[in-house]
Asker: 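Structure below; questions to follow.
Only a predicted model underlies this, so the values are computations on that prediction, with no experimental measurement involved. A note on names: the letters A, B, ... follow the listed sequences, proteins ahead of strands, and every chain is numbered from 1. Computation of the quantities below employed the complete heavy-atom set of this structure, encompassing side-chain atoms and omitting hydrogens, waters and symmetry-equivalent molecules.
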Amino acid sequence: MKIGYPCINETLPCSSATTFRLASYSEERLIQAVTTNLACLQQILEFNVQHGLLFFRMSSDLVPFGSHPVNTFNWQEYFAPTFTAIGAYIKQNKFRISMHPDQFVVLNSPTETTVQNSFSELAYQCTIMDLMGLDKSAKLQIHGGGVYGDKPAAIRRFADAVQVLPANIRARLVIENDDRSYSLRDCLEIHELTGIPVLFDNFHHECLNNGEPMGEALQLAAQTWQPEDGILMMDYSSQSPGDRKGKHISHIQLDLFREFLTHLNGLDVDIMLEIKDKEASAIPAMALLRELGYVPAAEPVS
DNA sequence: CAGGGTCAAGAATTA
DNA sequence: TAATTCTTGACCCTG
């Protein structure tokens, strides 16, 4: 079991997602931003190793405009040695890695250009993982997309789109249940049609489900992962008290987290904490996992 | 220099 | 058909 937080470290004085406006695009600006971002990514990974946080979601913004036509620079080749070095560090420390293309990646959109843009974005993010030399357990997580008033048709379009993806992207693609449109059951159906694993989000499942108890839901999602995919990846969060339903909590509530863990029933998972204060929650969560024996005690610093 | 409007990209809801 | 919400950080313009 590994645990982590997404993209941003609030302790370190750097960002791995510096960007700039499209209007101010230039090759110099791009090189500067990517250089900064990759240097910071390395620092974050080192911080995480020190704290035993070995599941990490890399920012979608490592390369600004990574899939935009304005970006004709061969950043893949220019930064290949840096990607290789970071990848070596990731493998040396046995990190689990994910990326999460955002809401603009919609494989089942009825708009052809939206689908094409989605393919480009997936290709961009997959290239980063490929350049790092990561195996197929490093995943790209996306949601089902829109429903457009006809979910069965939307699911078929999604499945058709997955089939025409290049093999390297398809091998990394996983679908995550969301909190308003595509439930775990819908995602399992997409898995049946495409073979892609289902990344389980406990909080989304609480918001939208078909009656599956948490423990059963975890088992159903876990069954969609093949050995080469690695163990089940999941997103963990809980409701922010007093806020709109679906709003993520700002700091981890350890009693709720502890209660959630009882539903695992021995299932091994990697847990991404989608909680606002990032490592400030991940560190105490990790301490709890050690206390409960889910992960070994910290190794002495050599 | 701080505050705040705005930013590549979408979908669903509401007006 | 058009505006707003979702959701989020940070760029970068304005005063």
Asker: Among pairs that include at least one residue of residues 204-215 of chain A, which meet side-chain hydrogen bond (donor to acceptor under 3.5 Å, both in side chains), considering only residues two or more places apart or in two chains?
Answerer: Glu176(A)-His204(A), Ser183(A)-Asn210(A), Arg185(A)-Asn210(A), Asp201(A)-His204(A)
Asker: Report the residues that fulfil disulfide (SG to SG under 2.5 Å) with Cys40(A), sequence neighbours left out, ordered by chain and then residue number.
Answerer: Cys14(A)
Asker: Applying salt bridge (Lys or Arg N to Asp or Glu O under 4.0 Å), name anything that partners Lys91(A), two or more places apart in sequence or on another chain.
Answerer: none
Asker: Give me the distance, rounded to whole Å, that separates dG10(B) from dC12(C) when you measure between the C1' atoms they each carry.
Answerer: 25 Å
Asker: Each nucleotide N or O in nucleotides 12-15 of chain B that has a protein N or O under 3.5 Å away: list the pair and distance.
Answerer:
residue	atom	partner	partner atom	Å
dA12(B)	OP1	Val147(A)	N	2.5

Asker: Restricting to pairs with a member in residues 44-53 of chain A, which pass side-chain hydrogen bond (donor to acceptor under 3.5 Å, both in side chains), not counting sequence neighbours?
Answerer: Tyr5(A)-Asn48(A), Gln42(A)-Glu46(A)
Asker: Can you check whether Lys247(A) has a side-chain N or O nearer than 4.0 Å to OP1 or OP2 of dT8(C)?
Answerer: yes
Asker: Only pairs at least two apart or in different chains count here, so list each side-chain hydrogen bond (donor to acceptor under 3.5 Å, both in side chains) that has a residue in residues 215-233 of chain A.
Answerer: Lys139(A)-Asp229(A)
Asker: Using side-chain contact (heavy atoms from CB on, under 4.5 Å) as the criterion, list what pairs up with Lys2(A), not counting sequence neighbours.
Answerer: Leu54(A), Phe55(A), Lys94(A), Arg96(A), Asp270(A)
Asker: If you write DNA chain B from 5' to 3' in dot-bracket form, with Watson-Crick or G-U pairs under 3.5 Å, [ ] for crossing pairs and | for pairs with another strand, what do you get?
Answerer: |||||||..||||||
Asker: Mind listing the residues from residues 103-130 of chain A sitting with a heavy atom below 4.0 Å of DNA chain B? Number order is fine.
Answerer: Gln103(A), Phe104(A), Val106(A), Ser109(A), Thr114(A), Glu121(A)
Asker: Using only side-chain N and O atoms of Lys276(A), determine if any of them is under 4.0 Å from OP1 or OP2 of dG9(C).
Answerer: yes
Asker: Check nucleotides 12-14 of chain C for protein N or O atoms closer than 3.5 Å to its own N or O atoms and list the pairs.
Answerer:
residue	atom	partner	partner atom	Å
dC12(C)	OP1	Arg21(A)	N	2.9
dC12(C)	OP1	Ser24(A)	OG	2.8
dC12(C)	OP2	Arg29(A)	NH2	2.5

Asker: Which residues pass the ring pair (Phe, Tyr, Trp, His ring centres under 6.0 Å) test with Phe79(A), not counting sequence neighbours?
Answerer: none
Asker: So which pairs with a foot in residues 63-76 of chain A pass salt bridge (Lys or Arg N to Asp or Glu O under 4.0 Å), sequence neighbours left out?
Answerer: none
